[in-house]
2 protein chains.
Amino acid sequence: MSAPSHLDRAPSLADVLAQRLEQDIAQGHYMPGEKLPSEQQLATTYGVSRPIVREAIGRLKHDGLVTSRQGSGAFVAESGAASVFRLDVANFKDRQEIESLIELLMAIESSATELAAQRRTEQDLIALGHQLEAMQGAIERGDSGVDEDVAFHRAIVEATKNPFFMDLSTFLDRRVRHFIRTARANTAKLQTGHMMAVQDEHRNIFNAIRDKDAQGARHAAESHLKKAAQRLAIYMKPV
Amino acid sequence: MSAPSHLDRAPSLADVLAQRLEQDIAQGHYMPGEKLPSEQQLATTYGVSRPIVREAIGRLKHDGLVTSRQGSGAFVAESGAASVFRLDVANFKDRQEIESLIELLMAIESSATELAAQRRTEQDLIALGHQLEAMQGAIERGDSGVDEDVAFHRAIVEATKNPFFMDLSTFLDRRVRHFIRTARANTAKLQTGHMMAVQDEHRNIFNAIRDKDAQGARHAAESHLKKAAQRLAIYMKPV
DNA sequence: CATAACCAAGTTGCCTGACAAGATGGCAAC
DNA sequence: GTTGCCATCTTGTCAGGCAACTTGGTTATG
């Protein structure tokens, strides 16, 4: 709750005010549809200037929590209107939480793979095959193959034809990789033995998607992600 | 693209500038770690005042896309540092997209139910049982039972002990319910026959969680959500 | 010559004051 | 009683300025 992670960047006044207002709205202090106090009034009550209030309210507007009409005021949006899902970065402090995130990623990718098997077109299959070949080429060249790995998973979620799966998957994937990259000792390198195992698992997923075997695809994906998580675990600090 | 749905609220200058900068960062116009132009410079180049620039940059900071150091400047964050997943409200225009959203919700809840079966404590089971009884009471009283329904699902995701599942699930659930509530004809009312079916399906989920039957829990959840989606479909306009 | 202290310029964080545009409520005229 | 108008409030935007902080070069010192 208090310990600063990297840099204790002083929270700006707009930060704390936005958080305060967000909290007040979440706790029902301001009800949906209710008009919240004018900027001037908020400025005086919280002891800050109006631009700061504007900035704070601007963030709430950006997040879809309030809507404002010029000349009238700012109003609390209906409870389901929020348009962002925020992963609080401050939460990333221990192994427990990155594992929770990976768990979520696994859930998404498993379902995505299952859907991909049901819906893949011939073009999707071709794209998937190309990524598989690209990965093989990376192995033979001795490259890291990380980009090809990412591209393969991206091709899967694209085959779902569901934009939310695509967006959430890439978001979580980036987030997890970012965490791993910053947390692990830089000396550790991916081993080619690992890469060949990854390639085998990818091929299993590919075959299931090719055969439109939804259950098989889910199982292959779950197996792959489980093993990937184990491989990643060696890069993470012990709890 | 043009027809205003409710109110055609003119996008503020800070809105367009923030969107513009976000786009520039996403497209690699500014690379991670790079220092972006000073506020004064941005203000002159885009023809707006400095407070507007501050507000726009403030949003990017809030979303984790940039970090600023006083006296030094604002820098583009590393690509995986973004802390928000945004579901663009503008996308919700047709049935196709709400169905995609429901699909995502189903994926989350199915996995959550599976995890809940693996991890539920005795307390979780007791809480789940209470929600089941509350739902039964609502049926007998003739209430809508919506709140009890939500509470039951919430109890499931809480049993996962994974905060991301909890947050994402409640977020998506609210979002979907909000959409349904605004899209459906208000005359339509839930039928008690539906409620009893829901209660049966909930009981199946409960039993599987009680028995720590992960696979059974997933199947029960999938079946329940599939039927729930069908029941909801009658409230939605045809494509 | 190398190193350390120092200072000036640039940048962000924040404030005050002001004006324009749109909305709202009451007052006056009919 | 109804209608039209205007004073007032609120948001949107701008201008200018000061304090705190970082940075890089310059100068003084060992």
Side-chain angles (χ1 to χ4, degrees), chain A residues 4 6-22 24-25 30-77 81, chain B residues 4-22 24-25 30-78 81:
Chain A
H6 286 175
L7 304 170
D8 199 359
R9 61 160 159 280
S12 72
L13 291 184
D15 269 328
V16 301
L17 180 56
Q19 198 170 348
R20 173 74 178 266
L21 290 176
E22 196 175 331
D24 284 350
I25 290 175
Y30 298 119
M31 296 303 287
E34 189 177 342
K35 175 181 171 305
L36 39 85
S38 72
E39 296 177 353
Q40 195 69 41
Q41 200 166 339
L42 285 172
T44 58
T45 59
Y46 286 103
V48 296
S49 70
R50 200 164 81 94
I52 297 300
V53 174
R54 279 193 62 74
E55 192 174 334
I57 291 182
R59 292 183 191 176
L60 299 189
K61 271 195 296 184
H62 196 222
D63 285 0
L65 270 64
V66 309
T67 60
S68 63
R69 293 199 301 272
Q70 183 173 348
S72 177
F75 301 84
V76 179
Chain B
S5 56
H6 288 175
L7 304 169
D8 199 0
R9 60 162 160 278
S12 71
L13 292 182
D15 270 327
V16 302
L17 180 55
Q19 198 171 348
R20 173 74 179 266
L21 290 176
E22 196 174 331
D24 284 351
I25 291 175
Y30 298 118
M31 295 303 286
E34 190 177 343
K35 176 180 170 304
L36 41 84
S38 72
E39 295 177 354
Q40 194 70 40
Q41 200 166 340
L42 285 173
T44 59
T45 59
Y46 286 101
V48 296
S49 69
R50 220 189 108 198
I52 298 299
V53 174
R54 280 191 62 74
E55 193 173 332
I57 291 182
R59 292 184 192 176
L60 300 189
K61 272 195 295 185
H62 195 221
D63 285 1
L65 269 64
V66 310
T67 59
S68 63
R69 292 198 303 271
Q70 184 173 347
S72 177
F75 301 83
V76 179
E78 298 177 49

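Naming convention: chains lettered A, B, ... in sequence-line order (proteins, then strands); numbering from 1 in each chain.
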Heavy-atom pair of closest approach, residues [X] and [Y]:
X: A:Ser49; Y: A:Ala43; answer: C-CB, 4.0 Å
X: A:Ser72; Y: A:Lys35; answer: O-CE, 3.3 Å
X: A:Gly64; Y: A:Ala77; answer: O-CB, 3.5 Å

In Å and rounded to the nearest 0.5 Å, what is the [atom1] to [atom2] distance from [X] to [Y]?
X: B:Tyr46; Y: B:Gln41; atom1: OH; atom2: CD; value: 10.5 Å
X: A:Thr44; Y: A:Leu42; atom1: OG1; atom2: CG; value: 7.5 Å
X: B:Ile25; Y: B:Leu36; atom1: CD1; atom2: CG; value: 6.0 Å
X: A:Asp24; Y: A:Gln19; atom1: CG; atom2: CD; value: 11.0 Å

Identify the 5'-most and 3'-most nucleotides of DNA chain C with at least one atom closer than 4.0 Å to a non-hydrogen atom of chain B.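 Footprint of chain B along DNA chain C, 5' to 3': C:dG10 to C:dC14.
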Whole-Å distance between D:dC9 C1' and A:Phe75 CZ?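 Nearest whole value for this atom pair: 12 Å.
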Results of side-chain contact (heavy atoms from CB on, under 4.5 Å) for [X] - residues two or more places apart only:
X: A:Glu34; answer: A:Tyr30, A:Met31
X: B:Gln70; answer: none
X: A:Pro32; answer: none
X: A:Ala14; answer: A:Ser12, A:Ile52, A:Glu55, A:Arg59

Below 4.0 angstrom, which residues in residues 53-60 of chain B have at least one non-hydrogen atom near DNA chain D?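 Nothing qualifies; none.
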For DNA chain D, which residues in residues 30-41 of chain B have a heavy atom at a distance below 4.0 Å?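 The answer is none.
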Using salt bridge (Lys or Arg N to Asp or Glu O under 4.0 Å) as the criterion, list what pairs up with B:Glu39, not counting sequence neighbours.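 Partners of B:Glu39 under the salt bridge (Lys or Arg N to Asp or Glu O under 4.0 Å) test: B:Arg50, B:Arg54.
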In 5'-to-3' order, the base (B), backbone-only (S) or no-contact (-) status of each nucleotide in nucleotides 15-22 of chain D, using a 4.0 angstrom heavy-atom cut-off, is --B--BBB
